[in-house]
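The structure under discussion appears below in the form of structure tokens.
Here is how names work: the chains are called A, B, and so on, in the same order as the sequence lines, proteins then strands, and each is numbered from 1. Heavy atoms only: backbone and side chains are in, while hydrogens, waters and symmetry mates are out.
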Number of protein chains: 2
Amino acid sequence: MSITIYDVAKAAGVSMATVSRVLNGTAVVKEETKKKVLDAIQMLGYRPNAVARGLASKKTKTIGIIVPDVSAPFVAEMVRGMEDIATMYQYQIILSNSDGQPEREIDLIGTMWEKQVDGMLFMGNHLTGDLLKTFEQAQIPVVLCATVDPEGRIPSVNINNEQAAYDATRFLIEKGCKHIVLLSGATDHPVVGKPRQKGYRKALKQEGYQAHIVECPTLRYEDGLETLKGILRDNQIPDGIVAVSDELGVAAIHACLDAGLSVPGQVKAIAFDNTRLASMVRPELTTISQPIYDMGAVAMRFMTKLIHDEPVEEFSFLLPHDLTVRSST
Amino acid sequence: MSITIYDVAKAAGVSMATVSRVLNGTAVVKEETKKKVLDAIQMLGYRPNAVARGLASKKTKTIGIIVPDVSAPFVAEMVRGMEDIATMYQYQIILSNSDGQPEREIDLIGTMWEKQVDGMLFMGNHLTGDLLKTFEQAQIPVVLCATVDPEGRIPSVNINNEQAAYDATRFLIEKGCKHIVLLSGATDHPVVGKPRQKGYRKALKQEGYQAHIVECPTLRYEDGLETLKGILRDNQIPDGIVAVSDELGVAAIHACLDAGLSVPGQVKAIAFDNTRLASMVRPELTTISQPIYDMGAVAMRFMTKLIHDEPVEEFSFLLPHDLTVRSST
DNA sequence: CTGAAAGCGCTTACAG
DNA sequence: CTGAAAGCGCTTACAG
């Protein structure tokens, strides 16, 4: 049998309510009584049962996090940011991977709901109607991270993707590139698709250059390599490449080098994210630096505000991005 | 107010106990009654409160995971393996980062204990006495992952690090290398230190070659680069490098290239882990492939066995490693 | 400042 | 096959 609040109360010669009060600091307790309680706790090695507390107080001090895949570096770093802030506010996290599958996402929301999480952080692709409905049913605060709700119904933390893509493209233009390919994610993707294509197009249009958008099935290196090889094989050799992830950017560099093209001499490459990978290639990758860790941290901080009913000014956060220039451009 | 089991019971015209039984399948329920209950659940959109269930049943269906840092690719992939198996067995995970700090590790164990996790998966460095004592107090199953207990008191999942280091070194020797440097972790580290140094030494000794071990403060790229530059600057140019992580391996390649040495022409490099990074460099990195995902999966699978008191044969798992040959050797 | 008691939403012997 | 009731270990009005 483990030690309960009852044992502590008995040992200290007070009521359970009093023990609870010193534990939670929910009311003033005479200094002397407090000391007796603390001593008893110490002596017995008592640890409060958070599950019982959760049932009684209807607050579990845990936040659910749903992401497509923790093993992706971008996601892992974001989760780290979330976790650090959660710890700071004495919350723990329940983490689940959805692989971006809508049914799984809904499933996970349900399970977390059953676990009575105090809030949920969500990273995904499209916000389907079913998803929104499930969030609504769960009746707990939700914050999106690196995920946009085109209709702004749910608070979210992102960068300005359109502007970032514009900046990246513009940078290549200023370096003298005229035939710039965009290695894009799925066109209908609300983060790595549409808005970045828009920013890219805008920059080209200003110069009257032709757009050349290629969708990659995923943002992973292997797919990037494949896609790029296809482009180079068709002899549509660009002089600039904007890739929507560092992995695609590295793939771009390698595909060019493998084809005998010099980087940044003949082809310049710029990417998105500034994960650690960007500096682990030669030439090192110029990239739009996203504050990935901060995005997770801000999302979690915002969550704590929502949970504690603190006043909030903003609703959709757009964190600043930056251009980290290295030797691939 | 949310819907409780009481509401369902009333709607179905049965007792709470019966609802509980159909929910958990803990006893046979007449087909007709069952249907009534299921209909009521459906109609009301009832979801059982897992916290209340946890309090009553003393099982929370959650596993605590403590790792140094999820944002490290090795760790992230391992965690993914854990999570997938947990999902398979209907468990959820609480994830925390310790940054390898002993006090923090002990703290986290305490918090997870309060949360009544059914078991804990632990990845860390040294198993201090305090740590072991805390595990013991918590009275729940613990499994180590990519972490060794030199005295075998706690079940664990690893590869045979000594053998792996031997294999890597031997491979370079067979490729003709005579001056092989080991880019090692801290010498007293029970995973990336001692055992790998031992395997390395053994392989060299067989040939009568001289050992040259250099400790890196961390296993990260930046430190590897720094360390390697020091070695090359001292004009102690090796013809082979064994690095204990892929990041160090990539650093080795780049340091050599930057110093005008050809890889694998003048210097051959081999590393550990086979994370995705290994194939994202040129030349691609030859590396000891660790079944990272599987290590996490096996550890979690073993945990489910411990929790359910299934008979277990083994205690310390040594998963097979492999040598993935690429172009850096 | 402190205590007695109800209640959080389940599970689980115990009866029948 | 099903129900009534105790109990899991806390918190929280309510009294005093």
Where does the angle between the aromatic ring planes of A:Phe302 and A:Phe317 fall among parallel (under 30°), tilted (30 to 60°) and perpendicular (over 60°)?
-> perpendicular

Nearest to the side chain of B:Lys30, which nucleotide is it out of C:dC8, D:dC8, D:dT2?
-> D:dT2

Round to a whole Å and report the spacing from CD1 of A:Ile3 to P of D:dC10.
-> 10 Å

DNA chain D: 5'-proximal contact among A:Met16 and A:Arg21 (nearest heavy atom) | A:Met16

Against the side chain of B:Ala56, the closest entry in D:dC8, D:dT12, C:dC1 is D:dC8

Would you kindly give the NZ-to-P distance between B:Lys10 and C:dG9, to the nearest whole Å?
-> 14 Å

Starting from P on C:dG9, measure out to CD on A:Gln116 and report it in whole angstrom.
-> 9 Å

Length of the CG-C1' vector between B:Asn24 and D:dC1, whole Å = 17 Å

Give one of base, sugar-phosphate or nothing for A:Ser20, where a contact means two heavy atoms less than 4.0 Å apart.
-> base

For DNA chain D, write out the stems as range with range, using runs of 3 or more consecutive Watson-Crick or G-U pairs with both distances under 3.5 Å.
-> C:1-3 with D:14-16, C:5-12 with D:5-12, C:14-16 with D:1-3

Mind checking whether B:His126 and B:His189 have parallel, tilted or perpendicular rings, split at 30° and 60°?
-> tilted

Salt bridge B:Glu136-B:Arg153, side-chain N to carboxylate O under 4.0 Å = no

Side chain A:Thr134, main chain A:Asp130, donor-acceptor under 3.5 Å | yes

Which nucleotide sits closest to the side chain of A:Ser15: C:dA4, D:dT11, C:dC1?
-> C:dA4

B:Arg301 and B:Glu310 ion-paired at < 4.0 Å | yes

Are OP1 or OP2 of C:dT2 and a side-chain N or O of A:Thr18 less than 4.0 angstrom apart?
-> no

Residue B:Glu103 excluded, over 12 heavy atoms near CD under 6.0 Å | yes

When you measure from the side chain of A:Ser57, which nucleotide among C:dC1, D:dG9, D:dT12 comes out closest?
-> D:dT12

Hey, is the side chain of B:Lys58 poking within less than 4.0 Å of OP1 or OP2 on C:dT12, counting only N and O atoms?
-> no

Any donor-acceptor N/O pair, A:Ser20 side chain to A:Met16 backbone, under 3.5 Å = no

A:Asp7 CG to D:dG9 P, in whole Å, measures 9 Å

So which nucleotide from D:dG9, D:dA4, D:dC10 ends up closest to the side chain of A:Ser2?
-> D:dG9

Could you tell me whether A:Asp99 and A:Arg104 make a salt bridge, using a distance below 4.0 angstrom between a side-chain N and a carboxylate O?
-> no

Would you mind reading off the distance between B:Tyr6 atom OH and D:dA5 atom C1', rounded to a whole angstrom?
-> 14 Å

Stretch residues 44-54 of chain B: residues that reach within less than 4.0 Å of DNA chain D through a heavy atom | none

Taking atom CZ of B:Phe315 as the centre, report whether more than 12 heavy atoms of other residues, nucleotides or ligands fall under 6.0 Å from it.
-> yes

Salt-bridge present (B:Lys10, B:Asp7; N to O < 4.0 Å) = no

Taking atom P of D:dC10 as reference, at what distance in whole Å does atom CG of A:Leu23 sit?
-> 8 Å

Tell me: NZ of A:Lys59 to C1' of D:dT12, nearest whole Å?
-> 13 Å

